[in-house]
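Below is one structure, written out as structure tokens; comments come after it.
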Number of protein chains: 2
Amino acid sequence: MSEPRWLNETELRAWTGFLETSDLLHRMVEQQLREVGGVTTVQYDILHRLNESPEKRLCMTDLAERLVSSRSGITYQVAQLEKAGLLRREDAPDDERRVLAAITEKGRRVLETTAPGHVEAVRAGLLDSLTPDQVAQLAAIMDATRARLRDTVQLHPPRKARSR
Amino acid sequence: MSEPRWLNETELRAWTGFLETSDLLHRMVEQQLREVGGVTTVQYDILHRLNESPEKRLCMTDLAERLVSSRSGITYQVAQLEKAGLLRREDAPDDERRVLAAITEKGRRVLETTAPGHVEAVRAGLLDSLTPDQVAQLAAIMDATRARLRDTVQLHPPRKARSR
DNA sequence: GCGGTTTGCTTCGAATTCGAAGCACTGATG
DNA sequence: CATCAGTGCTTCGAATTCGAAGCAAACCGC
């Protein structure tokens with residue numbers, strides 16, 4: 001086992017900066033969404049996915065895949081959103097097992113009233129701190145990293161484990 | 001209220017890429033630390049802070065400030081780490097109210113055995129996907145963003161709230 | 001020194017997340 | 001059809017996080 005290649009000063013700044021920034025950004029956005037729309041980031045994300053889907057509805061598993069969370073987590077949050085009247089649960093017509101989450105008019109209104117401030121928060125927290133060049137650099141960097149991570153990171157353990 | 005400045009394609013890539021990447025990276029690192037050291041990211045972070053402090057010990061509030069978490073969260077995690085024998089709680093000699101967390105020999109060993117793999121995970125997940133130029137760009141971008149966010153984001157509500 | 005405020009930490013209850021296990025339906029196989 | 005594996009979702013218990021409230025020690029003004 002060879003000596004590990006420790007991080008040099010720049011690498012360390014990139015890494016710790018990334019950690020702290022992502023944490024701060026997340027908190028900032030959470031705060032803004034909470035105040036203006038009364039929803040959490042996860043809930044906003046769910047509503048957003050539903051709204052951008054052509055049918056304005058998605059089944060639970062599809063939702064869980066698009067977001068990062070587990071199926072049981074989606075069940076919980078969809079229940080919260082249903083209680084709040086921001087979405088409706090429907091049985092899928094073709095498959096009795098499936099449950100569809102469909103955004104309601106009220107849910108759409110929450111998105112509409114929240115989105116502008118959300119975008120502003122993203123600008124204030126991230127984009128406005130950067131030059132246009134840096135924004136482009138960041139986009140490229142994230143594309144590269146994301147592509148690699150998607151292949152590497154195993155999100156949920158397979159159901160009936162049978163690796164390879 | 002003017003029309004919001006929606007994100008253009010590059011800005012959107014930067015933002016969503018950042019969100020997804022930070023999530024994936026966090027999971028990846030979490031997985032690695034769990035497997036090799038049997039600790040969570042938060043716990044690793046606590047041990048790391050203790051170890052890099054000159055006295056090898058910090059009081060709870062200082063810990064909470066360095067990490068991002070709340071004081072009660074630190075209480076919980078320090079209790080977990082103490083149960084595992086990775087740190088010891090001591091009364092501060094000069095101030096009866098304070099509790100110091102001091103890393104133990106066992107805790108130091110966990111850091112030593114975990115650190116190389118941790119660094120490798122960071123490289124594999126982030127740095128290896130980038131050119132040296134991009135690493136430098138990322139560091140600069142994170143510096144700029146972090147500086148601004150530190151001033152903007154209010155981490156914990158003031159104790160005796162007295163706004164303005 | 002004394003009373004009131006502040007500070008440091010813990011305890012409590014609520015919210016959220018996860019994976020494992022369970023239930024119900026589907027679809028393939030004979 | 002009858003069976004049986006696979007799929008979609010929910011329920012459960014455990015872990016973690018937070019803020020509010022509570023407790024004790026320390027500090028400040030007099």
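Every chain is numbered from 1, with letters handed out A, B, ... down the list of sequences. Side chains included, hydrogens not; waters and symmetry mates left out as well; all remaining heavy atoms used.
Protein atom CG of B:Asp23 is 11 Å distant from nucleotide atom P of C:dT17, rounded to whole Å. Summarising the geometry, the separation between OH on B:Tyr76 and P on D:dA20 is reported as 21 Å, rounded to the nearest angstrom. Atoms CG (B:Leu63) and C1' (C:dG8) sit 13 Å apart, rounded to a whole Å.
Distances from the side chain of B:Val99 to the nucleotides C:dC18, C:dT10, D:dG8 place C:dT10 closest. Comparing D:dA26, D:dC18, C:dC25 by their nearest atom to the side chain of A:Arg27 picks out D:dC18. Side-chain proximity of A:Arg89 to C:dT17, C:dT11, D:dC9: nearest is D:dC9. The nucleotide whose nearest atom lies closest to any side-chain atom of B:Met60 is, among D:dT17, D:dC9, C:dT10, C:dT10.
For the residue pair B:Gln43 and B:Gln77, a side-chain donor N or O sits within less than 3.5 Å of a side-chain acceptor on the partner.
The shortest distance between the side-chain N/O atoms of A:Gln77 and the OP1/OP2 oxygens of C:dT17 is below 4.0 Å. When the side-chain nitrogen and oxygen atoms of B:Ser72 are compared with OP1 and OP2 of C:dC9, none of them lie within a distance under 4.0 Å.
With respect to the salt-bridge test (charged N to carboxylate O, under 4.0 angstrom), the residues A:Arg88 and A:Glu82 do not qualify.
Aromatic ring pairs are classed by plane angle as parallel below 30°, tilted from 30° to 60° and perpendicular above 60°; the pair A:His118 and B:Trp15 is perpendicular.
With sequence neighbours excluded, no residue satisfies salt bridge (Lys or Arg N to Asp or Glu O under 4.0 Å) with A:Glu55.
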